[in-house]
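The structure appears right after this line, and notes come after that.
Order of the sequence lines sets the chain letters (A, B, ...), proteins ahead of strands, with each chain counted from 1.
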Amino acid sequence: MIKITFPDGSDRSYEAGVTGMDIAQSISHGLAKKAIAIKVNGQVWDLTRPVNEDATVQILTWEDKEGKSTFWHSSAHLMAEAIEALYPGTKFGIGPPIDQGFYYDIDPGDRMIGAEDLPRIEKKMQELAQHKSAYIRKEMSKSDAVAYFRDKGDEYKLDLLEDLEDGKITFYEQGRFTDLCRGPHIPNTEIIKAIKLTNVSGAYWRGDEHNKQLTRIYGITFPKQKELDEYIQMLEEAKKRDHRKLGKELEIFTFDDDVGPGLPLWLPNGAFLIEQLEWFAKKTEEEMGYLRVRTPHIAKESLYLTSGHLPYYKESMFPPMELEGTTYYLKAMNCPHHHKIFAASPRSYKDLPMRLAEYGTCYRYEKSGELFGLMRVRSLQMNDAHIYCTKDQFESEFKRVNELYLRYFEVFGIEKYVMRFSTHEPSKLGKKYVDNPELWAETEDMVRRVLIHSGIPYEEVPDEAAFYGPKIDIQIWSAIGREFTLATNQVDFAQPLRFNLTYTTSQNEQLHPIVIHRAPLSTHERFIGFLLEHYAGKFPMWLAPKQCAILPIADRHIPFAESVVKQLKAAGIRCQLDDRSESIGRKIRDAETGKIPYMLIIGDKEQEAGQVAVRKQGEGDQGSMEVMAFARQIGQLVEDMR
RNA sequence: GCCAGUGUAGCUCAGCUGGUAGAGCAGCUGAUUUGUAAUCAGCUGGUCGGGGGUUCGAGUCCCUCCACUGGCUCCA
């Protein structure tokens with residue numbers, strides 16, 4: 001007998017060799033029906049695999065994250081079975097579960113598989129699922145495994161096998177499909193009830209663009225049709241939040257073929273948002289001791305050779321231009337210009353920390369396929385600043401920058417983000433990273449200390465640092481689930497050396513400062529794209545381009561409405577009179593869809609009482625009040641939200 | 001840049017297997033003067049993304065370029 005301990009701490013005895021399914025059955029029939037896999041001492045196993053020793057277990061169902069992964073992983077196998085049945089000779093790469101569903105990378109040979117094939121594959125999957133095929137785990141020797149795939153002619157699986165150790169190789173078989181797979185899997189295909197193949201795209205083998213491109217098919221499955229319907233519903237809701245859609249509807253920005261891809265044109269509402277954000281950032285930065293500077297949009301090649309950017313990022317910069325025998329580049333980053341400002345005069349330790357800030361406009365050649373609305377563009381304006389400080393000042397300065405981030409996030413109500421700490425990979429020193437192991441170690445330790453002291457949760461990702469130093473990124477997700485770096489905070493010990501930036505210490509020595517690059521509000525482009533989705537177009541009062549619509553019911557109310565506009569404008573409220581000869585219902589509707597936060601309705605009653613009827617966007621009638629009382633209320637809202 | 005898909009009026013979209021473009025909204029004009037999410041009528045508007053080809057004839061078929069969308073790769 002063996003002792004099985006459950007998550008609640010209770011335990012029971014079972015015969016050695018008991019399976020997850022047996023255990024689930026012994027608890028309840030309902031659980032057995034819902035069971036997908038079992039977690040044994042922290043590892044996820046098949047329900048059919050025997051447990052031979054004492055263990056702590058947890059039955060996994062669809063409600064568990066690992067349950068979903070297992071379900072989707074098995075669904076990927078089911079899709080592969082369908083593809084092999086429909087398109088014999090297809091070779092298979094990898095087919096893992098992802099956050100929302102799964103994919104399988106396949107090589108269909110000379111045949112093309114496109115969007116029009118998806119319904120066919122889907123139908124086949126549904127048919128195969130009903131066969132209730134069991135997922136059967138088989139341990140294989142490496143030589144047998146190699147022989148199997150050599151016989152099948154699948155070079156991708158052979159490539160994968162090369163990295164695997166003999167004795168640890170398992171195959172899974174369901175129906176007529178056998179795959180090299182670590183598992184685990186669901187007991188059988190029948191529990192896959194709802195299937196949707198969502199997308200087909202290209203994906204490089206092993207993620208390397210020098211390798212062959214395979215066809216990647218994405219899909220998602222559920223144990224119930226209702227859940228699939230809800231998922232599709234959710235996707236449609238997300239699309240409504242998409243900043244590209246909202247940006248068009250609310251007249252924030254546009255693109256034009258003649259201007260060029262990735263070069264947004266800011267419409268008046270968008271320009272207003274930019275100016276509000278700049279005003280807010282400049283005020284905040286001034287309070288925190290930043291000095292504003294301004295620099296040109298281009299510079300000579302030599303500047304980027306000095307900074308070291310050119311060899312690393314030439315491919316991502318706009319091509320050079322020749323002028324009077326000299327090569328110039330559009331600037332892709334502000335730091336070299338700022339370093340030259342630091343270098344413009346001799347600096348003393350008394351000048352440090354020196355914080356130079358600029359909403360600098362940059363141009364980057366993002367490859368055509370990478371452009372995405374406002375989130376990835378070719379012209380961008382960064383909320384940039386460079387802090388020059390001594391080593392002793394570094395920790396407190398870095399900490400202050402992090403505090404600034406958190407302050408901004410609070411103002412904008414940003415809650416869903418991940419802080420990512422990127423460090424270097426020692427074997428790539430001199431290639432991807434500047435060759436200075438001591439400074440890498442020292443600065444990474446300093447950053448880690450700040451993060452731990454601040455109590456900010458973060459995840460550390462090796463080999464993702466900038467070439468000049470470690471960095472912190474704030475990751476966010478767009479409405480349709482794509483991940484972006486919103487803000488970044490980077491350490492740079494390399495450029496001060498390259499530019500020979502120095503300051504005089506109290507001992508009259510010359511030392512190099514450390515530089516912190518920071519952009520807590522990202523770029524205008526990305527930040528406004530993000531805010532559009534974050535607020536679903538309903539900007540808080542202080543940001544809303546139009547705060548209030550004045551809606552007279554009939555033409556005879558226009559003179560009074562005009563006097564209301566005058567009073568509100570004098571009180572600093574952004575309002576707009578709708579004097580069209582339309583019904584009040586229509587005027588309300590247009591203001592509602594325009595996401596204007598307040599509507600003031602003016603008819604006979606209001607005119608007589610000298611009041612306005614207040615309607616709140618999305619909420620409806622709020623009753624009547626004096627104009628100036630309303631103005632004070634809005635003024636208060638603006639104050640509160642700053 | 002790569003793979004797949006899309007591109008018809010300012011916007012959202014029809015247009016079957018090739019037979020010389022259509023709706024709703026927006027816009028303009030007029031009527032209407034309205035009480036909390038679309039008042040009515042008339043009119044204007046498109047070398048069907050650009051270029052080339054096949055054909056008696058191309059929005060529709062082919063080639064090519066451009067842009068956009070979903071991914072891959074990249075992201076100082």
Legend entry - Per-nucleotide protein contact string for nucleotides 2-10 of chain B, where B marks a base within reach and S marks sugar-phosphate only (heavy atoms under 4.0 Å, - for neither): BBS------
Legend entry - Under 4.0 Å protein heavy-atom contacts per nucleotide of nucleotides 41-47 of chain B, with B for base, S for backbone only and - for none: -------
Inset, instruction - Please list, chain by chain and in numerical order, all residues satisfying salt bridge (charged side-chain N to carboxylate O under 4.0 Å, His left out) with A/E442, sequence neighbours excluded. - result: A/K391
Roughly how far apart, to the nearest Å, are [N] and [M] at atom [atom1]?
N	M	atom1	value
B/C48	B/G7	P	14 Å
B/C11	B/G27	C1'	12 Å
B/U69	B/G30	P	41 Å
B/A9	B/G49	P	8 Å
B/U60	B/G53	C1'	15 Å
B/G22	B/C43	P	14 Å
B/G15	B/U54	P	29 Å
B/C65	B/C3	P	11 Å

How would you label the contact of [X] with the nucleic acid (heavy atoms, under 4.0 Å): base, sugar-phosphate, or nothing?
X	value
A/Y313	base
A/F372	sugar-phosphate
A/Y218	sugar-phosphate
A/F484	nothing

Using whole Å, report how far [atom1] of [X] lies from [atom2] of [N].
X	N	atom1	atom2	value
A/I553	B/U39	CD1	P	14 Å
A/D555	B/A31	CG	C1'	13 Å
A/E608	B/G35	CD	C1'	14 Å
A/L371	B/C75	CG	C1'	12 Å
A/I588	B/U39	CD1	P	11 Å
A/F102	B/G71	CZ	P	16 Å
A/D105	B/G70	CG	P	19 Å
A/I550	B/U36	CD1	C1'	15 Å

Would you call the rings of [X] and [Y] parallel, tilted or perpendicular, taking 30° and 60° as the class edges?
X	Y	value
A/H424	A/W440	parallel
A/H309	A/F467	perpendicular
A/Y388	A/F342	parallel
A/F255	A/F253	perpendicular

Who pairs with [N] - Watson-Crick or G-U, where each distance is under 3.5 Å:
N	value
B/U33	none
B/G19	B/C56
B/G24	B/C11
B/C68	B/G5

Verify the contact: side-chain N or O of [X] to OP1 or OP2 of [N], cut-off strictly under 4.0 Å; return yes or no.
X	N	result
A/R556	B/U34	yes
A/R244	B/U69	yes
A/K248	B/U12	yes
A/S583	B/U39	yes

Legend entry - Contact residues, residues 594-607 of chain A to RNA chain B [heavy atom, < 4.0 Å]: A/I601, A/G603, A/D604, A/K605, A/E606
Inset, instruction - Scan residues 611-627 of chain A against RNA chain B and write down, sorted by residue number, each residue with any heavy atom closer than 4.0 Å; if none is found, say none. - result: A/A613, A/R615, A/D621
Please tell me whether [X] and [Y] have a donor and an acceptor in their side chains that are separated by less than 3.5 angstrom.
X	Y	value
A/Y87	A/D117	yes
A/T423	A/E464	no
A/K331	A/T295	yes
A/N436	A/Y468	no
A/H524	A/N383	no
A/Q622	A/Y598	no

Inset, instruction - Assign each of A/K367 and A/K432 to its nearest nucleotide of RNA chain B by heavy atoms, then name whichever residue's nucleotide is nearer the 5' end. - result: A/K367
Inset, instruction - Specify the residue among A/R589 and A/G260 whose closest nucleotide of RNA chain B lies further upstream toward the 5′ end. - result: A/R589
Inset, instruction - Record whether the side chain of A/R376 comes under 3.5 Å of the base of B/C75 through a donor-acceptor pair of N or O atoms. - result: yes
Neighbour count >12 (heavy atoms, 6.0 Å) for atom [atom1], [X]:
X	atom1	answer
A/E251	CD	no
A/K239	NZ	no
A/K91	NZ	yes

Inset, instruction - Could you point out which residue of A/M79, A/K124, A/E122, A/K123 forms a side-chain contact (heavy atoms from CB on, under 4.5 Å) with A/I195? - result: A/E122
Distances under 3.5 Å between protein N/O atoms and the N/O atoms of nucleotides 24-28 of chain B, please, pair by pair.
residue: B/A26; atom: OP1; partner: A/R586; partner atom: NH1; Å: 3.4
residue: B/A26; atom: OP1; partner: A/R586; partner atom: NH2; Å: 2.2

Inset, instruction - Run the salt-bridge test on A/R589 and A/E592 with the 4.0 Å N-O cut-off and return the result as yes or no. - result: no
Legend entry - Ring-face cation contact, A/F372 with A/R482, 6.0 Å cut, 45° max: yes
Inset, instruction - Any chance you could measure A/I588, atom CD1, to A/I596, atom CD1, to the nearest 0.5 Å? - result: 12.0 Å
Inset, instruction - Would you please indicate if the ring centroids of A/F222 and A/Y231 are separated by under 6.0 Å? - result: yes
